Asks: 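Here it is, the structure, as structure tokens.
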Amino acid sequence: MKMKAQSAGLRLDKAISDNSDVSRTQANDLIKADAVLVNGQVKKAKYKVLENDIVSFDIPEPEVLSYEAENIPLDIVYEDDDVAVINKPQGMVVHPSAGHQTGTLVNALMYHMTNLSSINGVIRPGIVHRIDKDTSGLLMVAKNDQAHEFLAAQLKEHTSKRRYVAIVHGNLLNDRGMIEAPIGRNAKDRKKQAVIAGGKPALTHFEVLERFGDFTLVSLTLETGRTHQIRVHMAYIGHPIAGDPLYGPKNALKPNHGQFLHAQMLGFEHPTSHQWLEFELDPPKLFQATLDKSRKD
């Protein structure tokens, strides 16, 4: 497309969004991928367009996500007609996304369960809440839409319970405390979250369970469920999760078995019987082995 006089002086990303159906964010992504040419040459987003500049770009076809049933072993802690509780292993992604089209919890759920809620669409059937790929532990699954809405309301109203256990760097000053700090997307790294002014309210409670000198075992309770909340909050107070690939230092516990964060306890009101259900699981073997070694050192 040829730039008109009214576009002269605009940044390239703004000029593209003003003269096409592409959003400014999409324009930025295309520019970063070197998919935008100005007069046949690659330019940065900050380039100021000139009248009669020829700007060309191709929008790639969206990647088709796979969500087929796969015969993947699942540790089903509890299941009835309305809900299921799964012990998700460390390293498993919860639902398909770009780069993770197979091998997810959803792929496994579709094989093992005939009914799953549809509220979150075909890519996330049954998924009421998530835990990170490198976090192990308990996750609730809804098997119909009514159950999904009931469980989601408990998460929103903070009436369900979620408690985690983690090994963190350093020796915490206090035996217990509360971290209340708003969380939003990191402006410098889109893969990360950060404590920022104007972020969404986030509240995490912690309690020290054991101290190992350079590391501490802590219990963590969530009142909100922001993306990466525990990981961001613990890094924010100077005690990142050991093994955290995004927010932690490289000198993690040896040997490095990944992120030492486990969703240990999950409690909620059943959507049909209205009984309180509560489940608790010890951390996986590698986590436990690291604790045993730390106690001996």
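Remember, it's a predicted structure, so these values are computed and weren't measured experimentally.
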Asks: Going by distance alone, is a donor N or O of one side chain under 3.5 Å from an acceptor N or O of the other, for T204 and Q229?
Replies: yes
Asks: State whether the side chain of R211 and the backbone N or O of L172 hold a donor-acceptor pair below 3.5 Å, judged by distance alone.
Replies: yes
Asks: Does either side chain, that of D82 or that of N144, offer a donor lying less than 3.5 Å from an acceptor on the other one?
Replies: yes
Asks: With a 4.0 Å cut-off on N to O distance, would you call D292 and R295 a salt bridge?
Replies: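 The answer is yes: the pair qualifies as a salt bridge.
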Asks: Classify the ring geometry of Y78 against F279: parallel below 30°, tilted from 30° to 60°, perpendicular beyond 60°.
Replies: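 Aromatic pair Y78/F279 classed tilted.
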Asks: Check for a donor-acceptor pair, side chain of Q259 on one end and backbone N or O of I241 on the other, with a separation under 3.5 Å.
Replies: no
Asks: Is it the case that D18 and S7 place a side-chain donor and acceptor less than 3.5 Å from each other?
Replies: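 No, no side-chain donor-acceptor pair sits under 3.5 Å.
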Asks: Over 60° means perpendicular and under 30° means parallel, so tell me whether Y247 and H228 are parallel, tilted or perpendicular.
Replies: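 Aromatic pair Y247/H228 classed perpendicular.
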Asks: Check whether the side chains of N107 and T104 place a donor and an acceptor atom closer than 3.5 Å, and report yes or no.
Replies: yes
Asks: Let me check something: do I127 and F268 share a hydrophobic cluster, defined by ILVMFWY side-chain heavy atoms less than 4.5 Å apart, either directly or through other members?
Replies: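 Different clusters.
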Asks: Ignoring hydrogens and geometry, is there a side-chain-to-backbone donor-acceptor pair from Q26 to S23 under 3.5 Å?
Replies: yes
Asks: Could you go step by step and tell me if D145 and S117 meet the side chain to side chain donor-acceptor pair (under 3.5 Å) rule?
Replies: CA-CA 5 Å; D145 289 355; S117 69; 4.5 Å; no
Asks: With the threshold set at 4.0 Å, does a side-chain nitrogen-carboxylate oxygen contact exist between D13 and K43?
Replies: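 Looking at D13 and K43, the cut-off is not met.
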Asks: Sub-3.5 Å donor-acceptor pair from the side chain of D53 to the main-chain atoms of V49, do we have one?
Replies: no
Asks: State yes or no: do Y236 and L261 share one hydrophobic cluster built from I, L, V, M, F, W and Y residues joined by side-chain heavy-atom distances below 4.5 Å, directly or via other members?
Replies: yes
Asks: Between E79 and K143, is there a side-chain N and carboxylate O pair less than 4.0 Å apart?
Replies: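 Salt bridge between E79 and K143, a charged N being under 4.0 Å from a carboxylate O: yes.
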Asks: State whether the number of non-hydrogen atoms from other residues, nucleotides or ligands found under 6.0 Å of N71 atom CG is greater than 12.
Replies: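 It does: N71 CG has more than 12 such atoms within range.
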Asks: According to a hydrophobic-cluster definition based on side-chain heavy atoms being under 4.5 Å apart (Ile, Leu, Val, Met, Phe, Trp, Tyr only), do L155 and L277 belong together?
Replies: yes
Asks: Any donor-acceptor pair under 3.5 Å linking the side chain of T224 with the backbone of R226?
Replies: no
Asks: Hey, do the aromatic rings of H274 and F150 have their centres closer than 6.0 Å?
Replies: yes
Asks: Answer with yes or no whether the hydrophobic clustering places L266 together with V128; edges join I, L, V, M, F, W, Y residues whose side-chain heavy atoms lie under 4.5 Å apart.
Replies: yes
Asks: Are any side-chain N or O atoms of H112 and backbone N or O atoms of I72, one a donor and one an acceptor, separated by less than 3.5 Å?
Replies: yes
Asks: Would you please name every residue forming a side chain to side chain donor-acceptor pair (under 3.5 Å) with D75, sequence neighbours left out?
Replies: N87
Asks: At their closest point, which heavy atom of I131 faces which heavy atom of G137, and how far apart are they?
Replies: CD1-O, 3.8 Å
Asks: Looking at D244 and R231, does any basic side-chain N land under 4.0 Å from a carboxylate oxygen?
Replies: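 Judged by the 4.0 Å cut-off on N to carboxylate O distance, D244 and R231 do form a salt bridge.
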Asks: Please list all pairs passing the salt bridge (Lys or Arg N to Asp or Glu O under 4.0 Å) test where one or both residues lie in residues 275-284, with sequence neighbours left out.
Replies: R163-E280
Asks: Provide the closest heavy-atom pair for T272 versus H270 in the form atom of the first, atom of the second, distance.
Replies: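 So the two residues come closest at N-ND1, 3.0 Å.
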Asks: Is L12 close to V38 at the side-chain level, that is, under 4.5 Å between some pair of heavy atoms?
Replies: yes
Asks: Does the gap between the ring centers of Y164 and H262 come in under 6.0 Å?
Replies: no
Asks: Tell me whether K200 contacts the main-chain N or O of P182 through its side chain, where contact means a donor paired with an acceptor under 3.5 Å.
Replies: no
Asks: V232 pairs by side-chain contact (heavy atoms from CB on, under 4.5 Å) with which of N186, V195, I196, T227?
Replies: V195
Asks: Would a 4.5 Å heavy-atom cut-off, applied to side chains only, mark V165 and V218 as touching?
Replies: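 No. Closest side-chain heavy atoms not under 4.5 Å.
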Asks: Is there a path of hydrophobic side-chain contacts, each under 4.5 Å between heavy atoms, that joins L138 and L109?
Replies: no
